[in-house]
Amino acid sequence: MEHLQPDDVVAGLLTLLSPRDLAASRCVCRAWRALIDTYRLLRADFLPFSVGGIFFLPVSDIAFPPFFSCPLTGPAICSNLEQFGTGDLSFGQLKDHCNGLLLFSEHVVNPATGKWSRLPLPPPSPQPPGMKHFFFFLKWDEAFLPSMTPHV
Amino acid sequence: MAAPESGDGNNGAARMVTLISSDNTRFEVEAAAASLSQTLQLTILDGGGGGGDGIPLPNVDSATLSKVLEYCIKHAPAAANGGAPNATAVDRAELERFDNEFVNIDQSVLYSLIMAAHNLEIEGLQSLVAKKVADMIKGKSPMEIRRTLGFPDPTPEEQAEMNAHMLEYGWAYE
């Protein structure tokens, strides 16, 4: 099947696949990947979400949030966020979360990939005029007031 | 089998045409069955393929052609009814059973069928074989897809490329 030609035969075949199978087929070989990209077959926004578990937002001063996952499969995601750091790094208390990312007072962590990065320093006052920056800055400092951000 | 008729009655009892495979085997089939092929349909409407002439199919070998014709003969009656609006549920179930069994074949045959269905433009057969291959891909990882479809093992370079791309949407099928 590797030398299946012409392209429209393969493309016709690929159109029958679900987004999940297209995502896998896209890795099969260069030719398939080119086809899937050229014909824009893969709608990444239709890909299924796989839920590895649920973080519970701490209400009290817990170092990292409790993580619940299916006991049969075991946690696919490392819930001990301290392990992501390089030993003595501590993220402190969880502030917020969005799209699977966790926001700490000085870091953003992706628990699924184990990657984290330090937040940029807040803009010096006076605050920039853009509403987005304004919002970001306020939220970070947990001084978020809904009435002050009409666009959200 | 039946003597070729040079009569003009379209609906007359089974006008036959002759198809000649790439390895020079002659197949005599009803014109209605061969006409499932868009490629052949015009030639047949023009009266070609009758008598001793035969229509040469240089891209299709005899093993594949006999398989293709098996499909066409089975599907011709339903196609003649215009997509079979008055076919009974039993007929449709029977066709479905035939289709499922039809594509339960060796991969090299399936591959030849894909190409033949494409060259001869037999719509139903095209979607049937495509669906079969899609089913073979379903639920598999990139490496499993390669093995299932008989791709050779990736070179280290290809493997590295695969791994890199698997990071992009890997979460969707891991």
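All chains are named by letter (A, B, ...) in the order of the sequence lines, taking the proteins before the strands, and each is independently numbered beginning at 1. In this text, all values refer to a predicted model and were calculated from it rather than measured experimentally.
- For chain A, no part of Lys132(B) is nearby; none of its heavy atoms comes within less than 4.5 Å.
- With hydrophobic clusters built from ILVMFWY side chains whose heavy atoms lie under 4.5 angstrom apart, Tyr39(A) does not share a cluster with Leu16(A).
- Minimum heavy-atom separation, Val28(A) to Pro142(B): CG2-O, 3.8 Å.
- For the set Met143(B), Met162(B), Glu144(B), the count of heavy-atom pairs under 4.5 angstrom toward chain A peaks at Met162(B).
- Placement of Met136(B) and Leu113(B) within a single hydrophobic cluster is found when ILVMFWY residues are connected by side-chain heavy-atom separations under 4.5 Å, directly or transitively.
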Evaluate Cys29(A) against Glu158(B) for side chain to side chain contact (heavy atoms under 4.5 Å, CB included), listing each step before the verdict. CA-CA 8 Å; Cys29(A) 66; Glu158(B) 280 175 313; 5.5 Å; no
Pair Asp8(A), His118(B) - check side chain to side chain contact (heavy atoms under 4.5 Å, CB included), show working. CA-CA 9 Å; Asp8(A) 52 339; His118(B) 176 74; 3.7 Å; yes
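- Each of Asp21(A), Thr15(A), Leu42(A) has some count of heavy-atom pairs under 4.5 Å with chain B, and the biggest count is that of Asp21(A).
- Under the rule for a side-chain contact (heavy atoms from CB on, under 4.5 Å), the partners of Arg43(A) that lie at least two apart in sequence or sit in another chain are Asp45(A), Phe46(A).
- Legend: residues meeting side-chain hydrogen bond (donor to acceptor under 3.5 Å, both in side chains) with Asp37(A), ordered by chain and number and at least two apart, are Arg26(A).
- Residues Leu13(A) and Ile137(B) have side chains in contact (heavy-atom distance under 4.5 Å, counting atoms from C-beta outward).
- In the hydrophobic clustering of this structure, Val10(A) groups with Ile145(B); members are Ile, Leu, Val, Met, Phe, Trp, Tyr whose side-chain heavy atoms approach within less than 4.5 Å, directly or through other members.
- The side-chain contact (heavy atoms from CB on, under 4.5 Å) test with Val9(A) is passed by exactly one of Ile114(B), Val129(B), Asn119(B): Ile114(B).
- There is a path of hydrophobic side-chain contacts, each under 4.5 Å, that joins Leu65(B) to Leu128(B).
- Atom CD of Glu123(B) has 12 or fewer neighbouring heavy atoms from other residues, nucleotides or ligands inside a 6.0 Å radius.
- Between atom CZ of residue Arg146(B) and atom CH2 of residue Trp32(A) there is a gap of 9.5 Å, rounded to the nearest 0.5 Å.
- Across every non-hydrogen atom of Lys140(B) and Arg20(A), the tightest pair is O-NH1, 3.3 Å.
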